Amino acid sequence: MSKDDKILKEFTSKEYEHGWSVDFDVDQAPKGLNEDIVKLISKKKNEPNWLLDWRLKAFSNFKKMKEPNWSNLKIPRINYQDISYYSAPKKKKMLKSMDEVDPELIKTFEKLGISLQEQKRLSGVAVDAVIDSVSIGTTFKDKLSELGIIFCSFSEAVNEHPDLVRKHLGKVVPAKDNYFACLNSAVFSDGSFCYIPKGVRCPMELSTYFRINASNTGQFERTLIVADEGSYVSYLEGCTAPMRDENQLHAAVVEIHAEKDAEVKYSTVQNWYPGDKNGKGGIYNFVTKRGICNGINSKISWTQVETGSAITWKYPSCILKGDNSVGEFYSVAVTNNYQQADTGTKMIHIGKNTRSKIISKGISAGHSQNSYRGHVKVMRRANNSRNFSQCDSLLLGNKCGAHTFPYIDIENKSSMVEHEATTSKIGEDQIFYCLQRGIDEENAIALIVNGYAKEVLKQLPMEFSVEAQKLLSLTLEGSVG
Amino acid sequence: MLEIKNLHASIGNTKILKGLDLTVNSGEVHAIMGPNGSGKSTLASVIAGREDYDVTDGEINFQGNELSDIGPDERAREGIFLAFQYPVEIPGVSTTNFMKTAVNQIRESKGEKPLDAVEFLKLMKEKMKLVNIKQELLSRSINEGFSGGEKKRNEIFQMAMLDPKLSILDETDSGLDIDALKIVSNGVNALKSKENATVVVTHYQRLLDYIVPDFVHVLMDGKIVKSGDKNLALELEEKGYDWIKVKN
Ligand SMILES: Nc1ncnc2c1ncn2[C@@H]1O[C@H](COP(=O)(O)OP(=O)(O)O)[C@@H](O)[C@H]1O
Ligand SMILES: [Mg+2]
């Protein structure tokens, strides 16, 4: 058996680490998708009428839309009527402190390695944890509110800061934008809201951990980040989900607004259940993430490390409207076994002197399929704009696939777009070199893969970067002989 | 330390080593010479345990253990080191990181605690002097964009870091100018002790002026056809490999 075959064969056996589920007392809507469900969700959350109307309008549009089929994914038919669209851990009363949080829930956090207590004390990370759609505990709120920063659940924001929400909701990702965003707009359950006022640098990383728990519940969270003039925020999103045989649907929407001189850094480490090694189960992850650089000199930077989900469909994008604004996309997507990923970005240059940078590193193993899809559009008045794209693919074995679909569309003569792409295999020479120094095969692969992804990993905040490196190794563990 | 008996090795259907014998004791330096394509690198790879080669007959004993069932990484942890003829590039992985991973995995296998950042840096600083290598080079992606000389020096630096029992240097002299050759040789000589052994693979005599061998072997057509002391190397230099062919 050649080394490649061996690598291939053993690249299959790693079990999902976060695969367990906890029984909370759950308040769950019956399966099915109709107007009444939309109304029920809105009512459960005490929403104002304008929001209910917005949801209903989205739902009526959704009924007229079709699932997109342009991606390089094989998506099994999803029965949208067989999903429950709302599941909330039953609230006994409003929680005032962590001590009141369900001990089961705290255990959950501990298993995830994100005990809120610890985080609170040690790392200075404010965590807004979303478990099955409803935000449970938010820490650090006091400290943040002294600076005028709002960081809370989406539902809370709807009630307490309705003007801010109403002004920005659906402005970057319109309800009708695409099939999954439209579904989200109709049935979104909760998510996070963040507002950084003028001139404020958020002194800590804001962090949300999403997690899918109850079976047969789709998760449709909605995140809205508004960075006012001259502000800065770094936002972290981490995701895990328990192991289940059936597939679970996840369709989130994230919208970001960056005003003049503002900067938003959004980092994701996605580790949802990818299904077993035969491709059974796993999360379908259809996410719409988009930010607008509204003001001059504003900047939005997306960094993602995608290791989980059975199917990933995700294109975090930037609309560079303000002159001199900057958009960045750094991505590592790893697929193993029967995972499929179709991910990339869109950079839309509208303002003058706008710049964008795309660094995408795909890693495919097993029987997986990994596609980069990118669109760089330079509009007519975007003088002197620049884009640089680098899309690399790394293959482990010969049963997987890597694909690159770069679309470039330039209407301005003074602008420049550069695209570089490479495809490589982990060489036997590289592995032997490591082995000869006493490094075993698993560590060798981890070393080589992390080296390959380094340009992206170094964009992540420290603690996240360490976690991401471990995840990369874990995903590929057992893939080598 | 190393005892090779009747070693036959092939790759695919090509037989490369055809009944090779070699014994190396601790404290010794052996030189293996031979024309291009005679199987020198193959021998080095087979001793290191590269799995592309099939050992079809014979055996390799290292410190009393027969190696056939022992993988390359375990052989390395037991103290076999190979300075590569063509050191491999690993983008994004610095020599520092590469060595840290190696040193700590070797320590772990011996039940020792991993070195922390400070201890590791100290070890590195000490070994850097030996081959006159700069920190800056060690922070770059290993072997990527290195000059020929830098690659070879980096190999010897790694040898110093791992402190092996048996070092096999495969054409470590090729691509070196005279100054670099001296630096590399001084490094190798400084690492020599009664407890370890060195096998120098080369097809030029020049290196052996600096790393003086106790034994010289001539490898031709997959076999050691002649052994002697350092004078054999000089004789070969003068008369060429054909001289041996004719004699056989
Ligand atoms: N991977 C390989 N596939 C086929 N033949 C090989 C391979 N590696 C080495 N050989 C052949 O084996 C012989 C010995 O090669 P090598 O050990 O590299 O010689 P040397 O190091 O003495 O120059 C050569 O004829 C070479 O072409
Ligand atoms: Mg050779």
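Model, not experiment: these values are computed from the prediction. Just so it is clear: chains get the letters A, B, ... in the order the sequence lines come, proteins before strands, and each one is counted from 1.
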Once you round to the nearest 0.5 Å, how far does [atom1] of [X] lie from [atom2] of [Y]?
{"X": "B:R77", "Y": "A:I439", "atom1": "CZ", "atom2": "CD1", "answer": "9.5 Å"}
{"X": "A:L435", "Y": "B:R50", "atom1": "CG", "atom2": "CZ", "answer": "9.5 Å"}
{"X": "B:I90", "Y": "A:I426", "atom1": "CD1", "atom2": "CD1", "answer": "9.5 Å"}

Review point. Do other residues, nucleotides or ligands put more than 12 heavy atoms under 6.0 Å from B:D69 CG?
Key: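 For B:D69, atom CG is not crowded (no more than 12 foreign heavy atoms under 6.0 Å).
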Review point. Taking atom NZ of B:K192 as the centre, does the number of heavy atoms from other residues, nucleotides or ligands within less than 6.0 Å exceed 12?
Key: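 Yes, the 6.0 Å shell around NZ holds more than 12 heavy atoms from other groups.
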Check your understanding: Side chain, backbone, both or neither: which part of B:M99 has an atom under 4.5 Å from a heavy atom of chain A?
Key ->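 B:M99 touches chain A through side-chain heavy atoms alone.
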Check your understanding: Checking heavy atoms, do the side chain of B:N143, its backbone, both or neither come under 4.5 Å from chain A?
Key ->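 Looking at B:N143, just its side chain touches chain A.
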Exercise for review: Assess whether side-chain contact (heavy atoms from CB on, under 4.5 Å) is satisfied between A:E428 and B:E51, documenting all intermediate values.
Suggested key: CA-CA 10 Å; A:E428 283 181 30; B:E51 285 159 3; over 6 Å; no
Point to revise | N/O donor-acceptor pair under 3.5 Å between A:R437 side chain and B:A102 backbone | key: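 Not a single qualifying donor-acceptor pair exists.
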Point to revise | Side-chain donor or acceptor of A:Q430 paired with backbone N/O of B:E89 under 3.5 Å | key: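 Yes, A:Q430 side chain to B:E89 backbone: donor-acceptor pair under 3.5 Å.
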Do you know the tightest heavy-atom contact between [X] and [Y]?
{"X": "A:D440", "Y": "B:Q105", "value": "OD2-NE2, 2.8 Å"}
{"X": "A:G438", "Y": "B:A76", "value": "N-CB, 3.3 Å"}
{"X": "A:F432", "Y": "B:A48", "value": "CZ-CB, 3.9 Å"}

Review point. With a 4.5 Å limit on heavy-atom distance, are the side chains of A:L447 and B:N97 in contact?
Key: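 When only atoms from C-beta onward are counted, B:N97 and A:L447 do touch, with a gap below 4.5 Å.
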Practice item. Run through B:V88, B:D73, B:L162, B:I80 and flag the one making a side chain to side chain contact (heavy atoms under 4.5 Å, CB included) with A:Q436. Key: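 Among the candidates, only B:I80 passes.
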Review point. Considering only heavy atoms, which portion of A:D429 lies under 4.5 Å from any heavy atom of chain B: side chain, backbone, both, or neither?
Key: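 Answer is both: backbone and side chain atoms of A:D429 are under 4.5 Å from chain B.
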Review point. If you count heavy-atom pairs under 4.5 Å with chain A, which of B:G49, B:G71, B:S45, B:P72 comes out on top?
Key: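 Option with the greatest count: B:P72.
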Exercise for review: Answer yes if the ring centres of B:Y86 and A:Y433 are under 6.0 angstrom apart, and no otherwise.
Suggested key: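 Judged by ring-centre distance (under 6.0 Å), B:Y86 and A:Y433 do not meet the cut-off.
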